[in-house]
Amino acid sequence: MPTNLLEKLNPAQREAVETTEGPVLIIAGAGSGKTRALAFRTAFLVLEKNVYPQNILAVTFTNKAAQEMKERIVELLRESSFSSSNLPLIGTFHSICVKILRREIDRLGYKKSFSILDTQDQLAMIKKVFKEISLNPDQFNPKAALGTISKAKNELIDASHFAKNSGSYYEETISRVYLAYQKKCREQSALDFDDLIMFTVKLFKDFPEVLEKYQNIFRHIMVDEYQDTNHAQYELIHLLAKKYQNICVVGDDWQGIYAFRGANIQNILNFEKDYPSAKVVKLEQNYRSTQNILDAAYGVISKNINRKDKTIWTEKKGGHLIESFEARDEREESEYVASEIQREMKLGKKFSDFVVLYRTNAQSRILEEAMLRSGLPYRIIGGIKFYQRKEVKDILAYLKLIQNFNDQISLERIINEPKRGIGEATIGKWIKFSKDRNLNLVETGTNLKEEKNIAENKLDYISKFCDFIKRMSEIKGSLKLREFIEKVYIESGYEKYLLDGSEEGEMRHENVMELLTVAQKYEEYPTPEGLELFLEEVALISDTDNIDKNSEAVHLMTLHSAKGLEFTNVFIVGLEEGILPHSRSLLSPQEMEEERRLMYVGITRAKEKIYLLFTSERNIYGSVQSNSPSRFLDDIPEHLIQVARPKPKSDGKLFSLRNKTTSSTTNHKLPTTNYKDGERVEHPIFGKGLIISAKGDVLTIAFSKAGLKKLSASIAPLKKM
DNA sequence: GGCAGCCACGTTTTT
DNA sequence: CGTGGCTGCC
């Protein structure tokens with residue numbers, strides 16, 4: 001590695017990069033350049049220590065993080081003119097386990113062509129199990145059952161183990177569900193997300209020779225966001241690293257916010273106990289925020305007892321004060337946000353410099369409305385999920401069935417989409433028929449005549465359907481993936497079913513077209529392999545991965561989604577007891593610590609300015625609640641906070657206009673309504689439009705390009721034409 | 001088998 | 001207040 005690469009690092013980062021042998025724990029504060037350190041470390045191993053790239057494994061939690069890491073490493077290697085065709089294995093826990101299981105899972109009695117169940121599939125499966133063992137979903141909540149099973153899997157407790165150790169009536173009942181669920185999965189060669197990890201660990205434990213093979217491949221292991229690992233993931237890494245002990249984990253215990261889904265923060269806190277020879281490196285210089293922001297964040301996190309100590313510092317002394325604002329209600333809160341953004345925009349900021357963070361997704365709606373009224377372009381992260389849309393899932397189910405003739409969940413999903421007159425009863429008979437003969441569903445489908453209990457016309461439909469699936473399976477190698485999926489889409493009758501002339505159908509069709517675009521990426525692979533890769537990627541993908549950082553819009557997202565991101569100005573809304581911290585955490589000291597870490601994550605996203613907002617009254621589920629201000633506000637040193645108050649009109653702030661007795665609606669009605677129906681206007685973002693209705697301050701405008709929008713006459717930057 | 005209306009419920013989220 | 005899931009009727 002050219003020495004100038006190392007010179008780009010600070011001393012602590014350099015130490016992390018240069019310690020290539022033995023266990024290393026990198027405690028990396030928010031904004032301290034940890035991804036950078038990991039990428040450099042990988043490049044250093046390859047270029048300086050002559051480690052083969054294929055002997056390096058880097059594990060992340062999200063596809064996005066993996067992608068980012070890949071890009072950085074490729075860039076570093078390319079700078080040193082090292083061929084980047086030969087890359088380390090970089091991926092999420094789940095994708096890496098899938099890779100291993102695709103090669104080895106037959107040892108555990110599963111087919112290598114196993115399907116992967118997502119949360120919806122899992123729930124469908126659980127509900128079936130409930131029926132099978134005649135369990136009343138009113139007494140036991142299927143979602144809760146699924147949660148308990150998932151938790152067990154994260155602790156590496158398999159079904160029989162769970163059954164042995166169940167003490168209470170509840171546990172015994174769940175253990176019956178668990179056993180039946182797992183049996184069903186096995187019959188269909190289906191694995192859920194938790195199985196992917198648990199089975200890989202089981203494989204390694206039951207087959208030492210397999211473990212050793214992978215230990216020899218992955219001689220250098222790096223794990224990002226180590227504070228978010230659960231027990232199963234911990235064990236997986238522990239096994240792989242056992243032989244060579246070259247394990248480097250990076251994390252920040254202050255930012256662990258996923259305990260609720262099984263992450264165990266003790267994994268990082270105990271690293272030095274697990275690996276007594278571990279070298280500990282602390283990255284404490286923050287390159288993102290001002291000192292004031294860091295001090296505020298520290299004020300919050302320092303109240304937590306269960307944490308390692310570290311000092312975060314920055315060269316950016318001082319900075320803006322933290323602005324706090326008490327709004328009367330959530331509507332005023334959101335309008336304050338919008339007006340502040342507009343005010344700051346005049347100072348030359350970009351829309352993408354702003355993010356609004358909230359505790360729960362339900363808070364996004366009112367913010368969205370305020371953005372619309374003010375004409376601010378915005379993007380909600382984590383709202384509607386593309387891969388969860390019915391039409392997308394249906395098409396994928398067709399493909400999954402073509403790939404795995406035993407995929408019962410997929411079959412049931414699509415046998416009647418489009419309508420073929422096959423209902424639950426018929427499918428039940430069909431499945432039983434297959435099971436009795438130990439044949440796969442598609443094969444028996446063309447052969448069901450022996451089953452006397454199914455009406456002639458239905459047999460015909462089933463047989464045609466199965467012929468279709470078989471035919472598609474045969475030709476899948478002869479077409480490009482995109483063309484193949486299109487063929488399935490059309491010939492299954494699904495296209496015709498969607499395009500029924502309705503607007504909604506048109507939209508759904510568009511979504512399928514979007515899916516085809518995704519498939520185009522696999523053009524270079526022959527279809528059987530491309531199809532496999534495609535289904536794999538799609539099964540393990542999530543929509544937050546698609547956050548387009550460059551999109552010119554204000555971002556709205558939950559505090560959880562914000563981890564790893566940074567913005568110039570950060571608004572945190574709903575800082576009230578019961579919201580942040582969330583009501584569910586008020587009674588548990590541990591959960592309260594997690595809420596505090598969440599707040600810490602929120603504050604440390606900011607480069608320049610933080611706004612903390614709360615309301616005196618808030619509408620929750622239709623009734624008005626009045627929460628007291630969040631305890632986290634008190635944790636921030638007082639001298640760092642500037643309280644925004646109603647001020648005289650002159651400083652141009654919308655909210656300064658108002659004293660506390662005027663309501664926001666009356667306020668808005670005052671200056672406006674020189675707009676009339678039928679007038680033409682122009683908006684800097686939405687373009688030209690026509691006013692359809694003007695009711696008080698609220699204008700409904702049809703924009704020729706952006707469509708129908710409701711805007712506030714007093715706030716939106718409209719020009720008459 | 002399909003659709004309409006009613007009721008229950010209501011963190012956070014990745015894979 | 002909204003939504004989504006399930007029941008009951010056609």
Side-chain angles (χ1 to χ4, degrees), chain A residues 59-66 91-98 116-124 127 136-138 141-144 147 150 153-154 191-198 200 224-225 228-230 232-233 256-263 330 357-366 381-385 387-388 390 415-417 419-427 455 458 461 536-545 557-564 574 578-586 588 591 594-595 597-599 601-602 618-625:
Chain A
V59 193
T60 64
F61 271 82
T62 64
N63 293 305
K64 192 183 67 168
T92 63
F93 272 101
H94 293 85
S95 74
I96 284 158
C97 286
V98 169
I116 299 168
L117 302 179
D118 69 14
T119 320
Q120 281 176 41
D121 302 332
Q122 286 184 69
L123 204 58
K127 283 180 181 162
N136 184 354
D138 293 333
N141 180 304
K143 268 190 196 153
S150 167
K153 287 182 177 177
N154 288 335
L191 273 67
D192 65 30
F193 289 132
D194 302 314
D195 287 334
L196 294 176
I197 317 276
M198 185 169 79
T200 311
D224 197 8
E225 306 277 16
D228 287 335
T229 48
N230 61 35
Q233 291 161 335
I257 53 175
Y258 286 111
F260 72 91
R261 63 170 204 230
E330 68 274 13
L357 303 176
Y358 36 82
R359 180 64 177 81
T360 67
N361 278 312
Q363 292 167 259
S364 67
R365 174 180 301 234
I366 189 96
I381 309 298
I384 346 99
K385 314 219 165 181
Y387 288 101
Q388 280 174 26
K390 183 180 183 313
I415 182 68
N416 220 20
E417 294 300 337
K419 304 277 173 276
R420 297 183 181 92
I422 313 291
E424 211 181 323
T426 311
I427 297 173
K458 289 187 180 171
Y461 276 124
E536 206 127 278
E537 178 184 307
V538 162
L540 298 177
I541 213 167
S542 78
D543 295 279
T544 20
D545 295 332
M557 65 183 89
T558 62
L559 286 154
H560 283 89
S561 314
K563 188 152 88 165
I579 298 196
L580 178 58
H582 194 269
S583 53
R584 296 251 191 152
S585 65
L586 295 177
S588 148
E591 285 180 50
E594 180 143 312
E595 295 289 308
R597 291 192 293 269
L598 198 50
M599 178 71 184
V601 167
R618 179 179 294 272
N619 250 300
I620 293 177
Y621 307 142
S623 60
V624 177
Q625 245 185 45

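Residue numbers start from 1 in every chain, and the chains themselves are labelled A, B, ... in the order their sequence lines are given, proteins ahead of strands.
For the pair A:N416 CG and B:dC3 C1', the interatomic distance rounds to 14 Å; values are reported in whole Å. Going from atom CD of A:E225 over to atom P of B:dT13 covers 16 Å, rounded to whole Å. Taking atom CG of A:D192 as the reference point, atom P of B:dT14 lies 17 Å away to the nearest angstrom. What separates CG of A:N361 from C1' of C:dT3 is a distance of 14 Å, to the nearest Å. Remark: P of B:dT14 and CD1 of A:I116 are 17 Å apart, rounded to the nearest angstrom. The CG atom of A:N154 sits 15 Å away from the P atom of B:dT15 (whole-angstrom rounding). Nucleotide C:dC1 holds its P atom 15 Å from the CD atom of A:Q625, rounded to whole Å. Regarding A:E417, its CD atom lies at a distance of 12 Å from the C1' atom of B:dG2, rounded to whole Å.
Contact annotation: side chain of A:T119 to base of B:dT15, donor-acceptor pair present below 3.5 Å. Applying the 3.5 Å distance criterion, the base of B:dT11 shares no donor-acceptor pair with the side chain of A:R584.
Although no hydrogens or angles enter the test, the distance criterion places a donor-acceptor pair under 3.5 Å between the side chain of A:T200 and the main chain of A:L196. At distances below 3.5 Å, not a single donor-acceptor pair connects side-chain atoms of A:E330 with backbone N or O atoms of A:I366.
With distances taken from any side-chain atom of A:R365 to the nucleotides B:dT12, C:dT3, B:dT13, the minimum falls on C:dT3. With distances taken from any side-chain atom of A:T62 to the nucleotides B:dT14, C:dC6, B:dT13, the minimum falls on B:dT14. In this structure, the nucleotide among B:dT12, C:dC6, B:dT15 sitting nearest to the side chain of A:K127 is C:dC6. Closest to the side chain of A:H94, out of B:dT14, B:dT15, B:dT11, is B:dT15.
Side-chain contact between A:T92 and A:F61 is absent, with no heavy atoms from C-beta onward closer than 4.5 Å. Considering only heavy atoms from C-beta on, A:L357 stays 4.5 Å or farther from A:T558 through its side chain.
OP1 or OP2 of B:dC9 has not a single side-chain nitrogen or oxygen of A:K143 nearer than 4.0 Å. Within the structure, every side-chain polar atom (N or O) of A:R359 is placed at least 4.0 Å from both OP1 and OP2 of B:dT13. Between A:S95 and B:dT15 there is no side-chain N or O to OP1 or OP2 distance below 4.0 Å. Between A:S561 and B:dT13 there is a side-chain N or O to OP1 or OP2 distance below 4.0 Å.
A:K563 comes within 4.0 angstrom of no nucleic acid atom, judged by non-hydrogen atoms across all strands. Using a 4.0 Å heavy-atom cutoff across all strands shown, A:F61 reaches sugar-phosphate atoms only and no base atom. At the heavy-atom level, A:E591 lies under 4.0 Å from base atoms of the strands shown. As judged by a 4.0 angstrom heavy-atom cut-off over every strand, A:Y258 is placed among residues touching the sugar-phosphate backbone only. A:E594 comes within 4.0 angstrom of nothing in the nucleic acid, heavy atoms only.
Between A:Y258 and A:H560, the ring planes lie tilted relative to each other; the angle falls in the 30° to 60° range.
Residues A:T426 and A:L598 each lie close to DNA chain B; by heavy-atom proximity, the contact nearer the 5' end of the strand is made by A:T426.
The local environment of OH in A:Y461 is sparse, with at most 12 non-hydrogen atoms from other residues, nucleotides or ligands closer than 6.0 Å.
In this structure, the aromatic ring of A:H582 is positioned over the six-membered ring of the base of B:dT11, centres within 5.5 Å and planes within 30°.
Taking the O4'-C1'-N9-C4 or O4'-C1'-N1-C2 dihedral as appropriate, B:dT12 has a value more than 90° from 0 and is therefore anti.
With C1' as the reference atom, C:dG5 and B:dT12 are 23 Å apart, rounded to whole Å. C:dC6 sits 24 Å from B:dT11 when the C1' atoms are compared, rounded to a whole Å.
One finds no salt bridge joining A:D194 and A:R261 here, because no Lys/Arg side-chain nitrogen approaches an Asp/Glu carboxylate oxygen to under 4.0 Å.
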